[in-house]
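Heads up: the structure comes next, in structure tokens.
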Amino acid sequence: MKKFLLPLVVLISVFGKAQDKENLSGFNMVSFTYKFAPEWMAYAEFQTRSIEDYTYIDYYEAKGGVGYNINKNNQAFIGVGRYGTYKNHKISQEEHRVWLQYTLTNRIKSLKLDHRLRAEQRFFHNSITDVNTNTQRFRYRLSGTLPLNNTKVQSGTVFANAFEEVFVGPEDKFFKRSRTFGGIGYQFNDSMNATAGYMFQREFASKGNTNLHFLYFALNFTIDPSDEERDIHIPMAD
């Protein structure tokens, strides 16, 4: 089954109308992971994006949740978040979201692969029209992290990471969005890493598709008080 997923995602990412809109955009993220028990972790993330104009922040996210490690290769997660979109320097749309998530991890030598499935319930408030709506969305992401100067990600490691993600939903077009990401990062110590890269995002809509070219930068912090051997996780653009 897995061998069919990646070709499907690639086909979706390149499919679209010839007259697509193009934008240069910015994507900045900071995340915090706290492993408060061997099986449990808490996660918080904050984002700003410059979608329409690279020099102007017109979107933000504040979200977090709790994850449970069923074993070293399987994790369940529940999350909530608040999201805001701005037009003409005024907030135009607010969103609250809750989601359930499952991640399966496997390795091919030093390459770590994550298969992530997510189901989202989304609640919108249009600040201009004062109208409330809601919808659902489903996501699949295949991501990989490869240490370049060590056999695993640890202090002093340079790593590459990449992912392909597809978004689907019940309204308008079934395929909502696709993302392709590639980046390089550095693990400073057991608690901090940074990643920079490029992400191509395509928004599918009946009125026409939009292509976004994100320049991405992220700082990630981890607090793990355990004495066990650590498997450092690298959060990616989300």
Out of the candidates F214, F200, Y54, only one should pair with F27 under the ring-ring contact (aromatic ring centres under 6.0 Å, His included) rule; please name it. F214
Give the C-alpha distance, both sets of side-chain angles, the deciding distance and a yes or no for side-chain contact (heavy atoms from CB on, under 4.5 Å) between Y68 and Q75. CA-CA 6 Å; Y68 177 74; Q75 185 194 74; 5.8 Å; no
Hydrogens and angles aside, do R202 and N211 bring a side-chain donor and acceptor to less than 3.5 Å of each other? yes
Are F167 and S178 close enough, and set up right, to give a side-chain contact (heavy atoms from CB on, under 4.5 Å), and what steps lead you there? CA-CA 6 Å; F167 301 63; S178 68; 5.9 Å; no
Answer yes if the side chains of D114 and T103 hold a donor-acceptor pair under 3.5 Å, and no otherwise. no
Taken to the nearest 0.5 Å, the spacing of I184 CD1 from N161 CG works out to 7.5 Å
Nearest-0.5 Å distance that lies between atom CD in E45 and atom OG1 in T33: 9.5 Å
Counting distance only, does the side-chain N/O of D58 pair as donor-acceptor with the main-chain N or O of Y86 below 3.5 Å? no
Centroid-centroid under 6.0 Å between F188 and Y186 rings: yes
Donor-acceptor check, side chain of S50 to backbone of G26, threshold 3.5 angstrom: yes or no? no
Keeping Y56 on the side-chain end and H89 on the backbone end, is there a donor-acceptor pair under 3.5 Å? yes
Verify, without hydrogens or angle tests, whether N71 (side chain) and N74 (backbone) share a donor-acceptor contact under 3.5 angstrom. yes
Straight-line distance of N134 CG to Q121 CD, nearest 0.5 Å: 5.5 Å
Can you tell which of E164, H115, R118 makes a side-chain hydrogen bond (donor to acceptor under 3.5 Å, both in side chains) with Y140? H115
Trace of the side-chain hydrogen bond (donor to acceptor under 3.5 Å, both in side chains) decision for E95 with Q93: CA-CA 7 Å; E95 177 188 352; Q93 179 175 270; 5.2 Å; no
Aromatic contact, F181 with Y198 (centres under 6.0 Å): no
Qualifying residue, where the test is side-chain hydrogen bond (donor to acceptor under 3.5 Å, both in side chains) with N193 and the options are N220, T157, T222: N220
Do the side chain of S92 and the main chain of T85 share a donor and acceptor less than 3.5 angstrom apart? yes
Lys/Arg-Asp/Glu bridge criterion (N-O < 4.0 Å) met for R139, D238: yes
Test salt bridge (Lys or Arg N to Asp or Glu O under 4.0 Å) on E165 and R177; report intermediate values, then the result. CA-CA 8 Å; E165 184 171 20; R177 173 185 292 174; over 6 Å; no
H125: which of I91, D130, T133 passes side-chain contact (heavy atoms from CB on, under 4.5 Å): D130
N126 side chain to I128 main-chain N or O, any donor-acceptor pair under 3.5 Å? yes
Show the numbers, then the answer: is there a side-chain contact (heavy atoms from CB on, under 4.5 Å) between W99 and K63? CA-CA 11 Å; W99 72 89; K63 59 189 178 185; 3.8 Å; yes
Are the ring centres of F175 and F204 closer than 6.0 Å? no
Can any side-chain N or O of Q47 pair as donor or acceptor with the backbone N or O of A237 at less than 3.5 Å? no
Just by modelled atom types, is the N189 backbone N or O under 3.5 Å from a matching donor or acceptor in the Q187 side chain? yes
Decide side-chain contact (heavy atoms from CB on, under 4.5 Å) for M29 and M236; before the verdict, give the C-alpha distance in whole Å, the side-chain angles of both, and the deciding distance to 0.1 Å. CA-CA 9 Å; M29 184 181 90; M236 298 187 191; over 6 Å; no
N69 side-chain N/O to K72 backbone N/O, donor-acceptor pair under 3.5 Å: no
